[in-house]
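Take a look at the structure set out below.
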Amino acid sequence: MDAIIIQELLAERLLSPRTLTQRTYPMKLKDQEKQYVGFATLPNQVHRKSVKKGFDFTLMVAGESGLGKSTLVNSLFLTDLYKDRKLLNAEERINQTVEIVKHTVDIEEKGVKLKLTIVDTPGFGDAVNNTECWKPITDYIDQQFEQYFRDESGLNRKNIQDNRVHCCLYFISPFGHGLRPVDVAFMKALHEKVNIVPLIAKADCLVPNEIRKLKDRVREEIEKFGIKVYQFPECDSDEDDDFKQQDKELKESAPFAVIGSNTVVEAKGQRVRGRLYPWGIVEVENQAHCDFVKLRNMLIRTHMHDLKDVTCDVHYENYRAQCIQQMTSKLTQDNRIESPIPILPLPTPDAETEKLIKMKDEEVCTTCNYIRKW
(Lines give C-alpha, C1' and ligand atoms only; values in the text may rest on other atoms or scores of the structure.)
Protein backbone atom coordinates (compact mmCIF):
# COMPACT_ATOMS: atom_id res chain seq x y z
CA MET A 1 0.00 0.00 0.00
CA ASP A 2 2.85 2.42 0.84
CA ALA A 3 4.41 1.86 -2.57
CA ILE A 4 1.06 2.61 -4.34
CA ILE A 5 0.56 5.84 -2.35
CA ILE A 6 4.14 6.98 -3.17
CA GLN A 7 3.59 6.30 -6.87
CA GLU A 8 0.34 8.32 -6.83
CA LEU A 9 2.05 11.27 -5.09
CA LEU A 10 4.90 11.16 -7.60
CA ALA A 11 2.40 11.12 -10.46
CA GLU A 12 0.55 14.17 -9.05
CA ARG A 13 3.96 15.90 -8.46
CA LEU A 14 3.11 16.35 -4.77
CA LEU A 15 6.32 14.47 -3.89
CA SER A 16 9.68 14.90 -5.62
CA PRO A 17 12.14 11.99 -6.15
CA ARG A 18 14.84 13.93 -4.27
CA THR A 19 12.60 14.26 -1.18
CA LEU A 20 11.80 10.56 -1.42
CA THR A 21 15.51 9.68 -1.46
CA GLN A 22 16.23 11.90 1.54
CA ARG A 23 13.42 10.27 3.50
CA THR A 24 14.14 6.63 2.64
CA TYR A 25 18.00 6.61 2.65
CA PRO A 26 18.40 7.17 6.45
CA MET A 27 15.91 4.36 7.02
CA LYS A 28 18.04 2.01 4.86
CA LEU A 29 21.14 2.99 6.84
CA LYS A 30 19.41 2.22 10.12
CA ASP A 31 18.29 -1.18 8.81
CA GLN A 32 21.84 -1.96 7.69
CA GLU A 33 23.24 -0.95 11.08
CA LYS A 34 20.84 -3.34 12.80
CA GLN A 35 22.08 -6.22 10.59
CA TYR A 36 25.79 -5.26 10.88
CA VAL A 37 27.73 -7.15 13.58
CA GLY A 38 31.22 -5.76 13.01
CA PHE A 39 33.59 -8.71 12.54
CA ALA A 40 34.15 -7.58 8.95
CA THR A 41 36.62 -5.05 10.39
CA LEU A 42 38.96 -7.82 11.62
CA PRO A 43 41.27 -7.53 8.57
CA ASN A 44 41.65 -3.81 9.30
CA GLN A 45 42.55 -4.58 12.91
CA VAL A 46 45.15 -7.15 11.83
CA HIS A 47 46.54 -4.69 9.28
CA ARG A 48 46.95 -1.92 11.88
CA LYS A 49 48.59 -4.29 14.36
CA SER A 50 50.97 -5.73 11.75
CA VAL A 51 52.02 -2.29 10.48
CA LYS A 52 52.63 -1.12 14.03
CA LYS A 53 54.71 -4.19 14.87
CA GLY A 54 56.65 -4.22 11.61
CA PHE A 55 57.93 -7.13 9.55
CA ASP A 56 61.16 -9.08 9.35
CA PHE A 57 62.67 -11.05 6.50
CA THR A 58 65.93 -12.99 6.28
CA LEU A 59 67.45 -13.57 2.86
CA MET A 60 70.50 -15.71 2.18
CA VAL A 61 72.62 -15.30 -0.95
CA ALA A 62 74.99 -18.07 -2.04
CA GLY A 63 77.20 -18.74 -5.02
CA GLU A 64 80.79 -18.39 -6.08
CA SER A 65 82.51 -15.00 -5.98
CA GLY A 66 82.14 -12.60 -8.89
CA LEU A 67 78.56 -13.47 -9.87
CA GLY A 68 77.07 -10.14 -8.70
CA LYS A 69 75.39 -11.21 -5.46
CA SER A 70 76.09 -7.97 -3.58
CA THR A 71 75.12 -5.79 -6.53
CA LEU A 72 71.82 -7.62 -6.99
CA VAL A 73 70.89 -7.30 -3.32
CA ASN A 74 71.59 -3.56 -3.40
CA SER A 75 69.49 -3.26 -6.57
CA LEU A 76 66.58 -5.20 -5.04
CA PHE A 77 66.25 -3.10 -1.90
CA LEU A 78 67.70 0.21 -3.16
CA THR A 79 70.25 0.34 -0.38
CA ASP A 80 73.99 -0.14 0.10
CA LEU A 81 74.68 -3.03 2.44
CA TYR A 82 78.31 -3.54 1.49
CA LYS A 83 79.94 -0.17 2.19
CA ASP A 84 82.94 -1.58 4.08
CA ARG A 85 83.47 -4.70 1.98
CA LYS A 86 87.06 -5.69 1.29
CA LEU A 87 87.77 -7.52 -1.97
CA LEU A 88 90.30 -10.35 -1.71
CA ASN A 89 92.94 -11.11 -4.29
CA ALA A 90 93.49 -14.53 -5.84
CA GLU A 91 96.12 -15.61 -3.31
CA GLU A 92 93.92 -14.71 -0.33
CA ARG A 93 90.97 -16.60 -1.80
CA ILE A 94 92.98 -19.85 -1.87
CA ASN A 95 93.19 -19.96 1.94
CA GLN A 96 89.75 -18.48 2.56
CA THR A 97 87.13 -20.66 4.20
CA VAL A 98 83.37 -20.28 3.96
CA GLU A 99 82.14 -17.54 6.31
CA ILE A 100 78.70 -16.41 7.40
CA VAL A 101 78.30 -12.63 7.34
CA LYS A 102 75.07 -10.92 8.42
CA HIS A 103 73.95 -7.47 7.33
CA THR A 104 70.84 -6.00 8.96
CA VAL A 105 69.08 -2.85 7.80
CA ASP A 106 65.76 -1.23 8.73
CA ILE A 107 63.76 -0.09 5.70
CA GLU A 108 60.58 1.98 5.80
CA GLU A 109 58.22 2.53 2.88
CA LYS A 110 54.86 4.33 3.15
CA GLY A 111 54.76 3.79 6.91
CA VAL A 112 55.53 0.05 6.70
CA LYS A 113 58.73 -1.00 8.49
CA LEU A 114 60.81 -3.97 7.36
CA LYS A 115 63.79 -5.37 9.23
CA LEU A 116 65.84 -6.95 6.45
CA THR A 117 68.66 -9.36 7.23
CA ILE A 118 71.00 -10.43 4.43
CA VAL A 119 73.10 -13.52 5.14
CA ASP A 120 76.13 -13.59 2.84
CA THR A 121 78.39 -16.61 2.34
CA PRO A 122 81.81 -15.33 1.15
CA GLY A 123 84.25 -18.06 0.23
CA PHE A 124 81.68 -20.55 -1.00
CA GLY A 125 82.85 -22.42 -4.10
CA ASP A 126 86.16 -20.51 -4.33
CA ALA A 127 88.51 -23.19 -2.98
CA VAL A 128 90.35 -25.79 -5.04
CA ASN A 129 88.71 -28.55 -2.99
CA ASN A 130 85.04 -27.72 -2.38
CA THR A 131 84.16 -30.92 -0.54
CA GLU A 132 81.36 -30.15 1.93
CA CYS A 133 81.91 -26.40 1.56
CA TRP A 134 78.19 -26.02 2.27
CA LYS A 135 78.55 -27.48 5.82
CA PRO A 136 78.93 -24.07 7.57
CA ILE A 137 75.80 -22.86 5.76
CA THR A 138 73.66 -25.85 6.79
CA ASP A 139 75.00 -25.54 10.36
CA TYR A 140 74.00 -21.85 10.44
CA ILE A 141 70.44 -22.65 9.28
CA ASP A 142 70.13 -25.39 11.91
CA GLN A 143 71.45 -23.01 14.59
CA GLN A 144 68.70 -20.50 13.78
CA PHE A 145 66.09 -23.25 13.96
CA GLU A 146 67.52 -24.41 17.29
CA GLN A 147 67.54 -20.88 18.73
CA TYR A 148 63.93 -20.32 17.68
CA PHE A 149 62.96 -23.72 19.15
CA ARG A 150 64.60 -22.78 22.48
CA ASP A 151 62.91 -19.36 22.54
CA GLU A 152 59.57 -20.92 21.68
CA SER A 153 59.93 -23.44 24.51
CA GLY A 154 61.09 -20.83 27.03
CA LEU A 155 59.20 -18.58 29.42
CA ASN A 156 59.40 -15.30 27.45
CA ARG A 157 57.56 -16.20 24.24
CA LYS A 158 56.13 -12.75 23.62
CA ASN A 159 59.20 -11.14 22.08
CA ILE A 160 60.73 -13.97 20.07
CA GLN A 161 63.15 -12.72 17.43
CA ASP A 162 62.80 -14.65 14.17
CA ASN A 163 66.24 -15.10 12.57
CA ARG A 164 65.29 -18.18 10.54
CA VAL A 165 66.37 -18.03 6.90
CA HIS A 166 63.22 -17.54 4.81
CA CYS A 167 64.76 -17.69 1.34
CA CYS A 168 68.06 -18.59 -0.29
CA LEU A 169 68.98 -17.05 -3.64
CA TYR A 170 71.44 -19.43 -5.27
CA PHE A 171 73.48 -17.93 -8.11
CA ILE A 172 74.31 -20.22 -11.05
CA SER A 173 77.22 -19.31 -13.28
CA PRO A 174 76.21 -18.36 -16.86
CA PHE A 175 79.51 -19.60 -18.27
CA GLY A 176 78.82 -23.34 -17.95
CA HIS A 177 76.42 -25.73 -19.64
CA GLY A 178 74.08 -26.20 -16.70
CA LEU A 179 74.56 -27.12 -13.06
CA ARG A 180 78.02 -28.00 -11.75
CA PRO A 181 78.52 -30.83 -9.20
CA VAL A 182 78.95 -28.28 -6.39
CA ASP A 183 75.63 -26.65 -7.39
CA VAL A 184 73.80 -29.97 -7.20
CA ALA A 185 75.43 -30.95 -3.89
CA PHE A 186 74.68 -27.55 -2.31
CA MET A 187 71.01 -27.48 -3.29
CA LYS A 188 70.45 -31.10 -2.25
CA ALA A 189 72.03 -30.37 1.14
CA LEU A 190 69.74 -27.37 1.74
CA HIS A 191 66.47 -28.09 -0.05
CA GLU A 192 64.90 -29.68 3.07
CA LYS A 193 65.91 -26.73 5.26
CA VAL A 194 65.21 -23.53 3.28
CA ASN A 195 63.33 -22.20 0.25
CA ILE A 196 65.82 -22.25 -2.63
CA VAL A 197 65.30 -19.84 -5.56
CA PRO A 198 67.89 -20.55 -8.29
CA LEU A 199 69.11 -17.60 -10.36
CA ILE A 200 71.17 -17.39 -13.54
CA ALA A 201 73.65 -14.65 -12.75
CA LYS A 202 75.00 -12.01 -15.15
CA ALA A 203 72.39 -12.65 -17.81
CA ASP A 204 73.87 -9.85 -19.96
CA CYS A 205 76.69 -12.29 -20.85
CA LEU A 206 74.24 -14.36 -22.91
CA VAL A 207 71.95 -13.68 -25.87
CA PRO A 208 68.22 -14.46 -25.45
CA ASN A 209 68.47 -17.80 -27.25
CA GLU A 210 71.33 -18.92 -24.99
CA ILE A 211 69.36 -17.88 -21.89
CA ARG A 212 66.38 -19.99 -22.98
CA LYS A 213 68.59 -23.04 -23.59
CA LEU A 214 70.36 -22.63 -20.23
CA LYS A 215 67.02 -22.28 -18.40
CA ASP A 216 65.71 -25.47 -20.00
CA ARG A 217 68.91 -27.31 -19.10
CA VAL A 218 68.80 -26.14 -15.47
CA ARG A 219 65.12 -27.15 -15.16
CA GLU A 220 65.88 -30.61 -16.54
CA GLU A 221 68.81 -31.14 -14.18
CA ILE A 222 66.84 -29.92 -11.15
CA GLU A 223 64.16 -32.50 -11.95
CA LYS A 224 66.73 -35.19 -12.78
CA PHE A 225 68.60 -34.88 -9.47
CA GLY A 226 65.42 -34.55 -7.39
CA ILE A 227 66.19 -31.04 -6.10
CA LYS A 228 63.25 -29.41 -4.33
CA VAL A 229 63.33 -25.71 -5.18
CA TYR A 230 60.68 -23.24 -4.02
CA GLN A 231 57.33 -23.98 -5.66
CA PHE A 232 54.98 -21.09 -6.36
CA PRO A 233 51.55 -21.65 -4.79
CA GLU A 234 48.53 -22.06 -7.02
CA CYS A 235 46.31 -19.03 -7.51
CA ASP A 236 42.91 -18.90 -5.82
CA SER A 237 39.86 -19.01 -8.03
CA ASP A 238 38.74 -15.54 -6.91
CA GLU A 239 41.98 -13.82 -7.99
CA ASP A 240 41.75 -11.31 -10.84
CA ASP A 241 43.02 -12.11 -14.33
CA ASP A 242 46.02 -9.77 -14.06
CA PHE A 243 47.34 -11.55 -10.98
CA LYS A 244 46.82 -14.97 -12.60
CA GLN A 245 48.73 -13.83 -15.68
CA GLN A 246 51.54 -12.45 -13.53
CA ASP A 247 51.74 -15.71 -11.58
CA LYS A 248 51.86 -17.71 -14.82
CA GLU A 249 54.74 -15.58 -16.13
CA LEU A 250 56.66 -16.05 -12.88
CA LYS A 251 56.37 -19.83 -13.08
CA GLU A 252 57.43 -19.86 -16.73
CA SER A 253 60.44 -17.58 -16.07
CA ALA A 254 62.06 -19.69 -13.33
CA PRO A 255 65.01 -19.93 -12.95
CA PHE A 256 65.26 -16.15 -13.21
CA ALA A 257 68.01 -14.69 -15.39
CA VAL A 258 69.05 -11.50 -13.57
CA ILE A 259 71.29 -8.47 -13.91
CA GLY A 260 72.25 -6.07 -11.12
CA SER A 261 73.52 -2.51 -11.29
CA ASN A 262 73.96 0.36 -8.84
CA THR A 263 74.75 2.99 -11.49
CA VAL A 264 72.28 5.25 -13.27
CA VAL A 265 72.73 5.74 -17.03
CA GLU A 266 70.79 7.72 -19.62
CA ALA A 267 68.80 5.76 -22.20
CA LYS A 268 66.41 7.35 -24.73
CA GLY A 269 66.31 10.58 -22.77
CA GLN A 270 65.51 8.81 -19.48
CA ARG A 271 67.76 8.03 -16.53
CA VAL A 272 67.60 4.32 -15.68
CA ARG A 273 69.62 1.84 -13.66
CA GLY A 274 71.66 -0.27 -16.02
CA ARG A 275 75.01 -1.12 -17.55
CA LEU A 276 76.66 0.78 -20.38
CA TYR A 277 78.44 -1.25 -23.07
CA PRO A 278 80.01 -0.22 -26.40
CA TRP A 279 77.12 -1.91 -28.21
CA GLY A 280 74.32 -0.43 -26.09
CA ILE A 281 72.71 -0.19 -22.66
CA VAL A 282 71.32 -3.07 -20.58
CA GLU A 283 68.45 -1.83 -18.40
CA VAL A 284 68.01 -3.67 -15.12
CA GLU A 285 64.27 -2.99 -14.88
CA ASN A 286 63.50 -3.70 -18.55
CA GLN A 287 61.73 -7.07 -18.73
CA ALA A 288 62.91 -7.52 -22.30
CA HIS A 289 66.51 -7.53 -21.03
CA CYS A 290 66.31 -9.68 -17.88
CA ASP A 291 64.01 -11.11 -15.16
CA PHE A 292 65.02 -8.65 -12.42
CA VAL A 293 61.53 -7.11 -12.15
CA LYS A 294 59.91 -10.55 -11.96
CA LEU A 295 62.31 -11.62 -9.19
CA ARG A 296 61.64 -8.42 -7.24
CA ASN A 297 57.87 -8.80 -7.61
CA MET A 298 58.03 -12.41 -6.47
CA LEU A 299 60.40 -11.83 -3.59
CA ILE A 300 58.90 -8.62 -2.18
CA ARG A 301 55.47 -7.81 -3.60
CA THR A 302 53.67 -11.13 -4.05
CA HIS A 303 55.37 -14.10 -2.34
CA MET A 304 57.33 -12.77 0.66
CA HIS A 305 54.65 -13.86 3.12
CA ASP A 306 54.34 -17.27 1.47
CA LEU A 307 58.11 -17.76 1.77
CA LYS A 308 57.81 -17.07 5.51
CA ASP A 309 54.80 -19.41 5.82
CA VAL A 310 56.60 -22.29 4.08
CA THR A 311 59.63 -21.74 6.32
CA CYS A 312 57.48 -21.85 9.45
CA ASP A 313 54.95 -24.52 8.48
CA VAL A 314 57.21 -26.93 6.55
CA HIS A 315 60.96 -26.54 7.15
CA TYR A 316 60.82 -25.47 10.79
CA GLU A 317 58.08 -27.97 11.65
CA ASN A 318 60.19 -30.78 10.16
CA TYR A 319 63.13 -29.68 12.28
CA ARG A 320 60.94 -29.36 15.39
CA ALA A 321 59.39 -32.81 14.89
CA GLN A 322 62.86 -34.30 14.44
CA CYS A 323 64.10 -32.65 17.66
CA ILE A 324 61.11 -33.87 19.68
CA GLN A 325 61.56 -37.39 18.30
CA GLN A 326 65.25 -37.42 19.25
CA MET A 327 64.47 -36.08 22.73
CA THR A 328 61.78 -38.73 23.25
CA SER A 329 64.01 -41.60 22.11
CA LYS A 330 66.89 -40.35 24.26
CA LEU A 331 64.62 -40.06 27.30
CA THR A 332 63.36 -43.60 26.76
CA GLN A 333 66.93 -44.94 26.50
CA ASP A 334 67.97 -43.09 29.66
CA ASN A 335 65.06 -44.58 31.61
CA ARG A 336 66.04 -48.06 30.49
CA ILE A 337 69.64 -47.51 31.55
CA GLU A 338 68.74 -46.04 34.96
CA SER A 339 66.36 -48.88 35.88
CA PRO A 340 68.46 -51.99 36.82
CA ILE A 341 65.37 -54.18 37.33
CA PRO A 342 63.11 -54.29 34.33
CA ILE A 343 59.40 -54.07 35.00
CA LEU A 344 57.96 -57.31 33.62
CA PRO A 345 54.27 -57.86 32.85
CA LEU A 346 52.30 -60.15 35.16
CA PRO A 347 52.29 -63.75 33.89
CA THR A 348 48.97 -65.23 32.84
CA PRO A 349 47.95 -68.25 34.98
CA ASP A 350 48.25 -71.66 33.38
CA ALA A 351 45.64 -74.49 33.54
CA GLU A 352 47.13 -76.14 36.69
CA THR A 353 47.10 -72.84 38.60
CA GLU A 354 43.48 -72.10 37.61
CA LYS A 355 42.42 -75.61 38.82
CA LEU A 356 44.13 -75.05 42.18
CA ILE A 357 42.45 -71.64 42.63
CA LYS A 358 39.06 -73.20 41.86
CA MET A 359 39.57 -75.95 44.48
CA LYS A 360 40.49 -73.37 47.14
CA ASP A 361 37.37 -71.34 46.32
CA GLU A 362 35.19 -74.48 46.76
CA GLU A 363 36.81 -75.27 50.14
CA VAL A 364 36.13 -71.72 51.35
CA CYS A 365 32.47 -71.91 50.25
CA THR A 366 32.00 -75.31 52.01
CA THR A 367 33.48 -73.95 55.24
CA CYS A 368 31.20 -70.88 55.15
CA ASN A 369 28.08 -73.03 54.67
CA TYR A 370 29.03 -75.34 57.59
CA ILE A 371 29.50 -72.32 59.90
CA ARG A 372 26.06 -70.94 58.99
CA LYS A 373 24.32 -74.29 59.74
CA TRP A 374 26.08 -74.70 63.04
Side-chain angles (χ1 to χ4, degrees), residues 46-47 50-51 53-63 69 72-79 81 100 102-107 109 112-121 137-138 140-145 147-149 152 160-172 186-200 222 227-236 239 243-244 246-256 258 260 291-320:
V46 174
H47 173 75
S50 300
V51 170
K53 183 180 179 182
F55 301 89
D56 49 54
F57 188 73
T58 302
L59 178 68
M60 175 180 281
V61 289
K69 302 187 294 294
L72 183 73
V73 169
N74 289 338
S75 302
L76 281 171
F77 298 98
L78 297 177
T79 184
L81 293 172
I100 304 295
K102 287 174 60 177
H103 303 272
T104 303
V105 62
D106 294 322
I107 305 174
E109 183 181 60
V112 179
K113 297 177 181 179
L114 173 67
K115 182 184 178 184
L116 175 66
T117 302
I118 303 296
V119 182
D120 202 354
T121 57
I137 301 174
T138 57
Y140 175 81
I141 296 173
D142 288 338
Q143 287 171 9
Q144 305 313 307
F145 280 155
Q147 185 61 45
Y148 192 87
F149 182 66
E152 195 180 42
I160 297 178
Q161 190 171 1
D162 187 6
N163 291 320
R164 297 171 295 181
V165 180
H166 301 119
C167 179
C168 175
L169 299 180
Y170 185 72
F171 288 70
I172 300 169
F186 174 87
M187 288 193 279
K188 290 193 76 171
L190 268 74
H191 66 173
E192 298 285 356
K193 302 175 183 290
V194 68
N195 299 309
I196 299 176
V197 178
L199 305 177
I200 296 174
I222 285 175
I227 300 170
K228 301 174 185 176
V229 298
Y230 173 68
Q231 298 294 322
F232 298 105
E234 296 296 329
C235 288
D236 296 331
E239 296 287 356
F243 185 83
K244 290 180 180 178
Q246 184 183 12
D247 186 72
K248 182 182 177 182
E249 291 176 359
L250 286 177
K251 292 177 181 177
E252 292 175 351
S253 299
F256 302 108
V258 294
D291 298 328
F292 174 83
V293 174
K294 293 175 183 177
L295 172 65
R296 184 181 61 188
N297 290 341
M298 183 279 295
L299 194 63
I300 302 172
R301 301 182 183 181
T302 58
H303 290 77
M304 179 180 279
H305 203 276
D306 186 69
L307 287 165
K308 296 183 68 173
D309 286 345
V310 174
T311 300
C312 182
D313 299 339
V314 179
H315 300 304
Y316 172 69
E317 283 301 317
N318 291 339
Y319 174 85
R320 182 173 174 274

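- Pro233 has its side chain within reach of His303: a pair of non-hydrogen atoms, C-beta onward, lies under 4.5 Å apart.
- Between Pro198 and Ile172, the shortest heavy-atom distance links the atoms CB-CD1, 3.9 Å.
- Atom CZ of Phe149 sits about 11.5 Å away from atom CD1 of Ile160, to the nearest 0.5 Å.
- A distance of 5.0 Å separates CZ of Phe171 from CG of Leu199, quoted to the nearest 0.5 Å.
- Looking only at side-chain heavy atoms (C-beta outward), Lys308 and Asp56 come within less than 4.5 Å of each other.
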Check: Could you walk me through whether Thr311 and Val194 pass the side-chain contact (heavy atoms from CB on, under 4.5 Å) check?
Finding: CA-CA 7 Å; Thr311 300; Val194 68; 5.8 Å; no

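- Here Asp306 pairs with nothing under the salt bridge (charged side-chain N to carboxylate O under 4.0 Å, His left out) rule; sequence neighbours left out.
- Thr302 has its side chain within reach of Gln246: a pair of non-hydrogen atoms, C-beta onward, lies under 4.5 Å apart.
- Crowding of Lys251 atom NZ: a count of heavy atoms from other residues, nucleotides or ligands under 6.0 Å exceeding 12.
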Notebook entry, point to check: Are Arg164 and Thr58 close enough, and set up right, to give a side-chain contact (heavy atoms from CB on, under 4.5 Å), and what steps lead you there?
Noted result: CA-CA 7 Å; Arg164 297 171 295 181; Thr58 302; over 6 Å; no

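- Remark: Ile141 CD1 to Glu192 CD distance equals 12.0 Å, nearest 0.5 Å.
- The heavy-atom pair separating Gly63 from Thr121 by the smallest distance is N-OG1, 4.3 Å.
- You'll find the side chain of His103 stays beyond 4.5 Å of the side chain of Val73, heavy atoms only.
- Counting non-hydrogen atoms of other residues, nucleotides and ligands closer than 6.0 Å to NZ of Lys228 gives a total of 12 or fewer.
- Side-chain contact between Asp106 and Lys113: absent, with no pair of heavy atoms (C-beta onward) separated by less than 4.5 Å.
- Atom CZ of Phe77 sits about 6.0 Å away from atom CD1 of Ile107, to the nearest 0.5 Å.
- Between Leu295 and Leu72, some side-chain heavy-atom pair lies under the 4.5 Å cut-off.
- For the side chain to side chain contact (heavy atoms under 4.5 Å, CB included) with Asp120, the lone residue among Met60, Lys102, Lys69 that qualifies is Lys69.
- Taking each heavy atom of Ala254 and Phe232 in turn, the nearest pair found is CB-CE1, 4.3 Å.
- More than 12 heavy-atom neighbours from other residues, nucleotides or ligands sit within 6.0 angstrom of CD on Glu252.
- What you find for Phe186 and Ala62 is that their closest heavy atoms are CZ-CB, 3.7 Å.
- Every residue meeting the side-chain contact (heavy atoms from CB on, under 4.5 Å) condition with His315, not counting sequence neighbours, appears here in chain and number order: Phe145, Asn195, Val310.
- Residue Asp291 comes nearest to Ser253 through the heavy atom pair OD2-O, 3.9 Å, listed as atom of the first residue, atom of the second, then distance.
- Shown here for Ile300 and Leu76, the closest heavy-atom pair between the two residues is CD1-O, 3.9 Å.
- In this structure, CG on Leu307 lies 11.5 Å from SG on Cys168, to the nearest 0.5 angstrom.
- Using a 30° and 60° split on the angle between ring planes, Tyr316 and Tyr148 fall in the perpendicular class, above 60°.
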Notebook entry, point to check: Step by step, would you call Ser75 with Arg296 a side-chain contact (heavy atoms from CB on, under 4.5 Å)?
Noted result: CA-CA 9 Å; Ser75 302; Arg296 184 181 61 188; over 6 Å; no

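- With rounding to the nearest 0.5 angstrom, the CD1 atom of Ile100 is 9.5 Å from the CD atom of Gln144.
- You'll find the side chain of Val197 stays beyond 4.5 Å of the side chain of Leu299, heavy atoms only.
- In this structure, Phe256 and Met298 have side chains that are in contact, with non-hydrogen atoms separated by less than 4.5 Å.
- Of the possible donor and acceptor atoms, none in the side chain of His191 sits under 3.5 Å from a partner among the backbone N and O of Val229.
- Between Lys193 and Asp142, at least one side-chain nitrogen of the basic residue sits less than 4.0 Å from a carboxylate oxygen of the acidic one, meeting the salt-bridge criterion.
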